[in-house]
Amino acid sequence: MEFLTSVRMDKAKEMLCFTDMKASQISYEVGYKDPHYFSYLFKKTQGCTPSEYRSRRM
């Protein structure tokens, strides 16, 4: 489970940097049905929200 989460987060980070998709769309693309859960996990594993991550990388 930890490996799958890691793979999904890596793909989400890539999409946040290189697309203009909303975080909710990205959550579906990487395999989460609930965007709120995706945001929770993203913050827990990456230390920031998806939108904070995107703004730091731009």
Side-chain angles (χ1 to χ4, degrees):
M1 199 64 185
E2 196 173 302
F3 174 74
L4 179 58
T5 300
S6 176
V7 169
R8 286 175 167 174
M9 291 300 144
D10 288 344
K11 184 63 177 173
K13 289 189 295 186
E14 181 182 317
M15 294 176 81
L16 284 165
C17 289
F18 299 111
T19 71
D20 60 353
M21 293 172 69
K22 293 180 181 180
S24 59
Q25 292 173 301
I26 291 172
S27 72
Y28 294 122
E29 290 291 320
V30 298
Y32 292 102
K33 294 178 182 175
D34 182 357
H36 295 287
Y37 182 66
F38 165 73
S39 292
Y40 163 78
L41 266 185
F42 193 93
K43 185 166 186 171
K44 183 177 175 185
T45 60
Q46 307 305 312
C48 62
T49 65
S51 58
E52 289 170 343
Y53 184 85
R54 177 177 271 161
S55 66
R56 289 182 194 167
R57 299 295 184 246
M58 294 299 189

Using a side-chain heavy atom cutoff under 4.5 Å and only I, L, V, M, F, W and Y, what cluster partners does V7 have? F3
From NZ (K11) to CG (L16), nearest 0.5 Å: 11.5 Å
By salt bridge (Lys or Arg N to Asp or Glu O under 4.0 Å) - contacts of E29 (at least two apart): none
Using the rule that Ile, Leu, Val, Met, Phe, Trp and Tyr join whenever any side-chain heavy atoms are under 4.5 Å apart, tell me whether M21 and Y53 fall into a single cluster. yes
Distance col, row R54:CZ vs K22:NZ, nearest 0.5 angstrom, shows 11.0 Å
Enumerate donor-acceptor pairs with a distance under 3.5 Å from any side-chain N or O in residues 30-48 to protein atoms, sequence neighbours excluded.
| unit_1 | atom_1 | unit_2 | atom_2 | d |
| --- | --- | --- | --- | --- |
| D34 | OD1 | H36 | N | 3.0 |
| S39 | OG | P35 | O | 3.2 |
| T45 | OG1 | L41 | O | 2.9 |
| T45 | OG1 | F42 | O | 3.4 |
| Q46 | OE1 | K13 | NZ | 3.2 |

